[in-house]
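In what follows, a single structure is set out as structure tokens and then discussed.
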Amino acid sequence: MLGPARKTSGRAPFAVTCTGGDTYTGDVWHSVKTSAEYETATPAPTPTATPAPTSSPAPSPAPTPTGTESPLPNLVGKARIAFERTTASKCPLTFKLHGRLEGIPAGAQSIQYRLVGAKEWKKLDVPADHGPVHNAVLETLSLDQESTTYSLQIEFNQADRLRTNIIYYFECAGPKGSKQIGVAADDIKRDSWGGGPVAELVADAMLEAVQPVSGAQIALVSKYAVRSPGAEIKKGPVTYEQLYATQPNGLHVDTWSMNGSQLKWLLGHANKERGVLTPSAGLRYTLANGEVTALTLNGAPVTDTQVIKVAANYILAGGWEGFPQWRWPDNSVAHNGPDDRGALASYFADHSPVRAPKGDRVTIRG
């Protein structure tokens, strides 16, 4: 996917336009442009009925330190990567790939890895006092408008050819609309309030994308984050075209904090016109006559003083999707997530076949 990069710098303006229902927003940034022109750019393998790192086409034979045919030992039992954007812009951008490695044998270890598609192996030295989980930044990369890369995955030079999850980012490049990203086990629909199963799925994908770096506990999605009628995902192969129809704007996912009282106030602004804020799994609430009468997180009641880290696209948090702006002192946590469409694609690649959520996280009475 990524080959050797040549970096250049220059100051470049660019615009991002987002349309949601009757709401229009336009954002222009001036940022330092850091380009990476890759000599090769091969997309990550397409998941099939049950995508998993090991179901991708087998990588080329990995070299061994001794130059013999003996494979390297399996030093990493399980590995995942997470995305952290380090620039404000959608494209060009610079970002980090964080690795979470588990099952490393006791003692100091030297682990070889690389981006799938790269030629050279890199080395990660793990200290002798490492715990059951070792976290490290594996790559710092840049993309720009000329890049063709839209998917990222790490492979390890060991006998079982371990690979991580795939991360998609579509704001500098994207595949053909017919490219399969994953599989839906059910029809995933949108309800009359603009929420329901498809909104719950989007919220779950957003939370999974940002939680490892930001520590977010929940994600919230408005009806403007999922388009109707194109938002509904049909049972069977899921293509990039379907994901684009669901989330055409590609908005960055960021994280804020708020207390239970503020969260109840925010959720209570739901009505038939603006819809509801649909949460990720773990948060459930009941609305009655514009008031939140019950709110639980992981089965426990949320107190008014309890502080919760909440992920959402920055347009919702800015007050441009029908709900109030999240303007509380010192509530900014992290502004480094991927685009929401990329997060949804990454979720499908990691969890296919994806079943439809039940659509029961919000109860409306009266």
Side-chain angles (χ1 to χ4, degrees), residues 1-5 36 38 42-45 47 51-56 59-60 62-63 65 71-87 93-143 149-169 205-216 253 255 311 334 336-339 342-343 345-347 349-351:
M1 286 174 289
L2 295 179
Y38 295 98
T42 304
T54 55
S55 68
S56 304
S60 56
L72 290 171
N74 294 328
L75 296 179
V76 182
K78 181 180 178 181
R80 292 189 62 83
I81 53 174
F83 177 102
E84 181 189 8
R85 191 179 76 252
T86 58
T87 49
L93 83 158
T94 300
F95 60 96
K96 297 177 181 179
L97 287 183
H98 292 258
R100 175 186 169 91
L101 313 183
E102 300 180 37
I104 301 173
Q109 304 293 340
S110 183
I111 295 169
Q112 293 185 22
Y113 69 94
R114 65 185 177 189
L115 285 163
V116 171
K119 295 179 180 179
E120 300 296 326
W121 294 98
K122 294 186 176 183
K123 185 175 71 169
L124 174 66
D125 290 322
V126 180
D129 61 352
H130 68 80
V133 176
H134 182 71
N135 295 295
V137 175
L138 301 180
E139 297 281 354
T140 299
L141 304 165
S142 296
L143 300 175
T149 297
Y150 57 83
S151 59
L152 302 147
Q153 188 179 31
I154 295 289
E155 63 181 348
F156 294 87
N157 184 13
Q158 57 186 50
D160 64 1
R161 301 295 193 265
L162 177 69
R163 288 185 174 189
T164 67
N165 55 303
I166 298 171
I167 288 179
Y168 286 98
Y169 187 84
M206 288 169 50
L207 180 62
E208 182 169 283
V210 301
Q211 192 278 332
V213 174
S214 71
V253 183
T255 305
N336 51 20
D339 65 303
S346 300
Y347 192 89
D350 200 27
H351 297 286

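What you see below is based on every heavy atom in this structure, not just the backbone, and it leaves out hydrogens, waters and symmetry mates.
- The pair Arg100-Glu102 counts as a salt bridge, with a side-chain nitrogen and a carboxylate oxygen less than 4.0 angstrom apart.
- No side-chain heavy atom of Val213 sits less than 4.5 Å from a side-chain heavy atom of Lys96.
- In this structure, Ile81 and Glu139 have side chains that are not in contact, with every pair of non-hydrogen atoms separated by 4.5 Å or more.
- Taking CD of Gln158 as the start and CG of Asn74 as the end, the distance is 4.5 Å to the nearest 0.5 Å.
- Heavy-atom minimum distance, Ala82 versus Pro212: CB-CB, 3.7 Å.
- Panel note: side chain Gln153, backbone Val116; no donor-acceptor pair is recorded below 3.5 Å.
- Remark: Gln211 engages no residue in a side-chain hydrogen bond (donor to acceptor under 3.5 Å, both in side chains) (not counting sequence neighbours).
- In terms of modelled atom types and a separation under 3.5 Å, the side chain of Thr255 and the main chain of Ala216 share no donor-acceptor contact.
- The two residues Glu120 and Arg114 make their nearest non-hydrogen contact at O-CB, 3.4 Å.
- Asn165 contributes no side-chain N or O that, together with a main-chain N or O of Asp350, makes up a donor-acceptor pair within less than 3.5 Å.
- For Gln109 and His130, the side-chain atoms include no donor-acceptor pair closer than 3.5 Å.
- Listed for the Arg163 side chain is no donor-acceptor partner under 3.5 Å among the backbone atoms of Glu155.
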Would Leu115 and Leu97 count as a side chain to side chain contact (heavy atoms under 4.5 Å, CB included) here? Give the steps. CA-CA 10 Å; Leu115 285 163; Leu97 287 183; 4.0 Å; yes
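- Listed for the Thr87 side chain is a donor-acceptor partner under 3.5 Å among the backbone atoms of Thr94.
- The distance from atom CD1 of Ile166 to atom OG of Ser346, rounded to the nearest 0.5 Å, is 8.5 Å.
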Assess whether side chain to side chain contact (heavy atoms under 4.5 Å, CB included) is satisfied between Ile111 and Ile104, documenting all intermediate values. CA-CA 9 Å; Ile111 295 169; Ile104 301 173; 3.9 Å; yes
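- Nearest approach of Asp339 to Val253, heavy atoms of both residues: C-CG2, 4.4 Å.
- A search for salt bridge (charged side-chain N to carboxylate O under 4.0 Å, His left out) contacts involving Glu84 returns nothing, not counting sequence neighbours.
- For the atom pair Leu152 CG and Leu138 CG, the distance stands at 11.5 Å (nearest 0.5 Å).
- Between Ile167 and Phe95, every side-chain heavy-atom pair lies at or beyond the 4.5 Å cut-off.
- Shown here for Ala79 and Leu101, the closest heavy-atom pair between the two residues is CB-CD2, 3.6 Å.
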Before you tell me yes or no, could you show the steps for Val137 and His98 under side chain to side chain contact (heavy atoms under 4.5 Å, CB included), namely the whole-Å CA-CA distance, both residues' side-chain angles and the distance that decides it to 0.1 Å? CA-CA 4 Å; Val137 175; His98 292 258; 3.7 Å; yes
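- In this view, Tyr113 satisfies the ring-ring contact (aromatic ring centres under 6.0 Å, His included) rule with no residue, not counting sequence neighbours.
- Note: Thr164 OG1 to Phe156 CZ = 6.5 Å, rounded to the nearest 0.5 Å.
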